[in-house]
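One structure is given below, encoded as structure tokens.
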Amino acid sequence: MLTNSYIHLKNVRFHARHGVMPQERTTGGDFVVNLSVEVDLTRAAQTDRVEDTVNYAVLYDILRQEMVVASNLIEHVAGRVARQVLQTFPGVHTVDVEIVKKNPPMGADCDGASVRMVFKRDD
């Protein structure tokens with residue numbers, strides 16, 4: 001018996017214009033997104049039909065569409081991604097979104113600043 005199942009998109013890279021600093025909006029920066037959705041994949045494991053799963057190409061399209069829309073906060077982008085995933089796929093129970101800004105303008109030598117948010121369907 002299947003207890004939990006997830007679909008992941010790992011380390012999806014984008015160049016986008018998120019941030020509050022004028023330079024971030026003008027030239028943009030590099031971002032990495034990790035997306036996990038919890039969904040019951042029991043039927044897909046039995047049928048081998050894409051209709052019985054969450055199509056990861058559609059998940060990528062949602063990411064791509066939302067990353068193009070400039071926002072001050074990556075928190076806002078994560079919220080838009082999660083809402084769109086939950087709206088598009090009624091079978092998804094939770095959406096876990098992590099967005100990493102690779103070169104945050106804070107004068108630190110680091111691998112990035114990130115936000116990770118987990119959204120749960122409330123119906």
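- Listed for the His18 side chain is a donor-acceptor partner under 3.5 Å among the backbone atoms of Ser71.
- Heavy-atom minimum distance, Phe119 versus Ala82: CD1-CB, 3.2 Å.
- Val54 and Tyr6 sit in two unconnected hydrophobic clusters of ILVMFWY residues. Membership requires side-chain heavy atoms under 4.5 Å apart, directly or through other members.
- The closest donor-acceptor contact from the side chain of Arg116 to the backbone of Asp96 lies at 3.5 Å or more, if one exists at all.
- Taking all atoms of both residues into account, the shortest heavy-atom contact from Pro105 to Met21 is CG-CG, 4.0 Å.
- Note: the hydrophobic cluster containing Val85 also contains Tyr56 (ILVMFWY, side chain heavy atoms under 4.5 Å, direct or indirect links).
- Pairing each heavy atom of Leu86 with each of Arg121, the nearest pair is O-NH2, 2.8 Å.
- Across all their heavy atoms, Met67 and Ala16 have their closest contact at O-CB, 3.4 Å.
- Checking Ile74, Val77, Asn103 one by one against Phe31, the side chain to side chain contact (heavy atoms under 4.5 Å, CB included) holds for a single residue, Ile74.
- A search for salt bridge (Lys or Arg N to Asp or Glu O under 4.0 Å) contacts involving Glu38 returns nothing, not counting sequence neighbours.
- In this structure, Glu24 and Lys101 have side chains that are in contact, with non-hydrogen atoms separated by less than 4.5 Å.
- Note on residues 2-11: no pairs pass salt bridge (Lys or Arg N to Asp or Glu O under 4.0 Å), not counting sequence neighbours.
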Are Lys102 and Asp30 close enough, and set up right, to give a salt bridge (Lys or Arg N to Asp or Glu O under 4.0 Å), and what steps lead you there? CA-CA 6 Å; Lys102 293 300 289 180; Asp30 295 325; over 6 Å; no

Set out, in order, the CA-CA distance, both residues' side-chain angles and the distance that settles side-chain contact (heavy atoms from CB on, under 4.5 Å) for Leu35 and Val81, then state yes or no. CA-CA 9 Å; Leu35 177 67; Val81 167; 4.2 Å; yes

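- Scanning for salt bridge (Lys or Arg N to Asp or Glu O under 4.0 Å) contacts around Asp61 gives Arg64, with sequence neighbours left out.
- With sequence neighbours excluded, no residue forms a side chain to side chain donor-acceptor pair (under 3.5 Å) with Thr53.
- Residues Val115 and Val118 fall into different hydrophobic clusters, defined by Ile, Leu, Val, Met, Phe, Trp and Tyr side chains chained together at heavy-atom separations under 4.5 Å.
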Leu41 and Ile7: side-chain contact (heavy atoms from CB on, under 4.5 Å), yes or no, with the steps? CA-CA 9 Å; Leu41 297 174; Ile7 293 178; 4.0 Å; yes

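- Taking 4.5 Å as the limit, every side-chain heavy atom of Leu9 sits out of range of all side-chain heavy atoms of Val33.
- When every heavy atom of Arg17 is checked against every heavy atom of Arg25, the shortest pair comes out as O-CD, 3.0 Å.
- Residues satisfying the side chain to side chain contact (heavy atoms under 4.5 Å, CB included) criterion with Asn11, sequence neighbours excluded, are Arg13, Val32, Asn34.
- Val97 and Val100 are members of different hydrophobic clusters when ILVMFWY side chains are connected at heavy-atom separations under 4.5 Å.
- Distance alone, capped at 3.5 Å, is enough to place a donor-acceptor pair between the Ser5 side chain and the Val39 backbone.
- Scanning both residues, Pro104 and Cys110, for their nearest heavy atoms gives CG-SG, 4.1 Å.
- Rounded to the nearest 0.5 Å, atoms CE (Met117) and CD1 (Ile99) are 9.0 Å apart.
- Residues satisfying the ring-ring contact (aromatic ring centres under 6.0 Å, His included) criterion with Phe14, sequence neighbours excluded, are absent altogether.
- Residues Val50 and Phe89 do not share a hydrophobic cluster, defined by chaining ILVMFWY side chains whose heavy atoms lie under 4.5 Å apart.
- Heavy-atom neighbours of Asn4 CG from other residues, nucleotides or ligands within 6.0 Å: above the threshold of 12.
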